[in-house]
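Encoded as structure tokens, the structure appears first; notes follow it.
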Amino acid sequence: MQIGNDVKSQMPDANSFAEKVLAGNRLALARLLTQIENETTLGFDVLDILFPRTGNAHLIGVTGAPGTGKSSLVNQLALAFRKKERAETKRVAIVAVDPSSPFTGGAILGDRVRMRDLAGDPGIFIRSMASRGSLGGLATTTSGIVLALDAAGYDVILVETVGVGQAEVDIVRLAHTTVVVEAPGLGDEIQAIKAGLMEIADILVVNKADKPGVEITERALRSMLQMRKDQGRHVALANRIKPYPDEVNVDPSWFPPVLKTVAIDGKGVGSLHNAIAQHYNYLSDTKSIILKEQARLKYEVEMLLREILVARWRESIREHEYQLALTRVVQREISPWKAVKQLIEGR
Ligand SMILES: Nc1nc2c(ncn2[C@@H]2O[C@H](COP(=O)(O)OP(=O)(O)OP(=O)(O)O)[C@@H](O)[C@H]2O)c(=O)[nH]1
Ligand SMILES: [Mg+2]
């Protein structure tokens, strides 16, 4: 198996493609993102060229249970980063991963009316991930998309995912800053998701603060956080997790704030914007950002290596042999490790 699908097309060569993307050509960027999503050879070739130009963007993951208001909030945050009165106006890219509701064009951000505030602003680029990659899964494809946006000069990249599965959590691991969005009055089934998401939060937001029950949700989150702090587990999981070899060196002084917002009218978004900036400063001041980046890149290489080696190996053996081994395990004739040994060693 090779990296990338060969697609014969009228696309430009990788060098001129990359140049256009670096020069800020939006159409070229959109086309590149499609190439990356489709895992084409051209897409990977362009990423090879762009890669040394990446590493400048602040990657912000926004995740939470379905319908908590992530899209509305991302929308508001993008506006906050674009505010003309701020000393630094940032170029902002938005990536919506696997939106749970079907969308057509502008509808991905949930609130069509507010979309108009963003549409037409050349400093904003919005992309929705249409497909799950096959090579390294959704996380790998998203990572390629984020690299392309980074190279294209977007200072802030907001990645929205519905925080329900491992793939989504992996995507969040990409982020420098993870914002977990909660909302009052969610059912019990949401609680499990919540507990998992708490582990990855750098900042917690209780959105829909205009609804009853906000204080209860806020109090519950604060006491959960305090409990984790008492157990010494308050550093976001992304900073502690195993594939990050430098985990012990990540500064533990950040304590996730709990903020209230009303995404439909923008209340509290200013404070959230400030908290995100503070978190970025904290990461820079403590050098945690360098450790995070190093660990993430090493992890990415390892993940790709695993995917590709396993795929290659699968191609090298006959399917019926593989199925036979699985059957023998299922029938408890041989153990899983014996099956693997036999498959790999060919006996
Ligand atoms: N009352 C109230 N409604 C809100 C608020 N924020 C978002 N909503 C509404 O909640 C609904 C869901 O908002 P979205 O922004 O699409 O939520 P989401 O988390 O992106 O949803 P999925 O991507 O489908 O998981 C929409 O009807 C919003 O208008 C808020 O602060 N208060
Ligand atoms: Mg959404």
Side-chain angles (χ1 to χ4, degrees), residues 1-7 36-45 47-48 51 61 63 97-98 129 131-147 161-175 178 192-193 195-197 199-200 231 233 235-250 291-347:
M1 187 184 135
Q2 65 176 70
I3 304 181
N5 304 319
D6 273 314
V7 176
I36 295 169
E37 267 189 340
N38 294 337
E39 300 178 343
T40 64
T41 308
L42 178 60
F44 288 114
D45 287 349
L47 275 182
D48 288 346
F51 188 72
T63 191
V97 179
D98 200 22
M129 298 278 297
S131 63
R132 288 180 173 266
S134 57
L135 191 61
L138 193 59
T140 308
T141 316
T142 310
S143 146
I145 298 261
V146 165
L147 284 176
T161 58
V162 180
V164 288
Q166 187 56 45
E168 288 76 12
V169 171
D170 280 348
I171 289 160
V172 165
R173 220 166 271 159
L174 273 175
T178 299
I193 303 178
L197 287 176
E199 294 282 313
I200 58 173
Q231 297 167 351
R233 296 194 299 128
V235 179
L237 187 67
N239 297 338
R240 297 185 284 117
I241 204 125
K242 254 269 173 284
Y244 287 84
D246 299 310
E247 55 185 307
V248 284
N249 295 329
V250 172
L291 297 179
K292 260 188 142 173
E293 283 284 318
Q294 288 175 349
R296 182 175 66 83
L297 291 171
K298 288 178 193 169
Y299 179 62
E300 206 156 300
V301 170
E302 203 178 300
M303 289 310 286
L304 267 175
L305 204 52
R306 270 187 219 175
E307 292 285 339
I308 289 165
L309 287 181
V310 169
R312 262 191 203 166
W313 173 80
R314 282 294 302 272
E315 279 175 12
S316 77
I317 66 156
R318 278 192 285 275
E319 185 60 22
H320 78 266
E321 262 175 56
Y322 187 68
Q323 292 303 332
L324 185 66
L326 291 183
T327 307
R328 294 185 69 197
V329 172
V330 171
Q331 290 175 346
R332 296 192 188 265
E333 281 173 33
I334 55 171
S335 68
W337 35 101
K338 181 142 195 179
V340 169
K341 195 167 188 261
Q342 285 181 351
L343 282 168
I344 287 176
E345 293 173 2
R347 40 188 176 84

Quiz item: Stepwise, does the salt bridge (charged side-chain N to carboxylate O under 4.0 Å, His left out) test hold for E302 with R306?
Solution: CA-CA 6 Å; E302 203 178 300; R306 270 187 219 175; 2.6 Å; yes

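- Contact detail for I145 and E37: the closest heavy-atom pair is CD1-CG, 4.0 Å.
- Closest of all the heavy-atom pairs between T142 and L174 is CG2-CD1, 4.0 Å.
- Rounded to the nearest 0.5 Å, atoms CG (L147) and CG (L47) are 6.0 Å apart.
- Of the charged side-chain nitrogens involved, at least one lies within less than 4.0 Å of a carboxylate oxygen, so that R296 and E300 count as a salt-bridged pair.
- A salt bridge is absent between R312 and E315: the closest approach of a Lys/Arg side-chain nitrogen to an acidic carboxylate oxygen does not fall below 4.0 angstrom.
- In terms of the side chain to side chain contact (heavy atoms under 4.5 Å, CB included) criterion, residue partners of Y322 (sequence neighbours excluded) are, by chain and number, W313, R314, I317, E319, L326, L343.
- The two residues K292 and A175 make their nearest non-hydrogen contact at NZ-O, 3.7 Å.
- Rounded to the nearest 0.5 angstrom, S143 OG and L304 CG are separated by 8.0 Å.
- By the side chain to side chain donor-acceptor pair (under 3.5 Å) test, Q331 is found to be paired with no residue, residues two or more places apart in sequence or in another chain being considered.
- Evaluation of the side chain to side chain contact (heavy atoms under 4.5 Å, CB included) rule for R318 yields H320, E321 as partners, not counting sequence neighbours.
- To the nearest 0.5 angstrom, T40 atom OG1 is 8.0 Å from D45 atom CG.
- Remark: side-chain polar atoms of T178 are not paired, donor with acceptor, to backbone N or O of G61 under 3.5 angstrom.
- Partners of V329 by side chain to side chain contact (heavy atoms under 4.5 Å, CB included), not counting sequence neighbours, listed by chain and number: I334, P336, A339.
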Quiz prompt | Verdict with supporting geometry, R328 and K338, side-chain contact (heavy atoms from CB on, under 4.5 Å) | solution = CA-CA 10 Å; R328 294 185 69 197; K338 181 142 195 179; over 6 Å; no

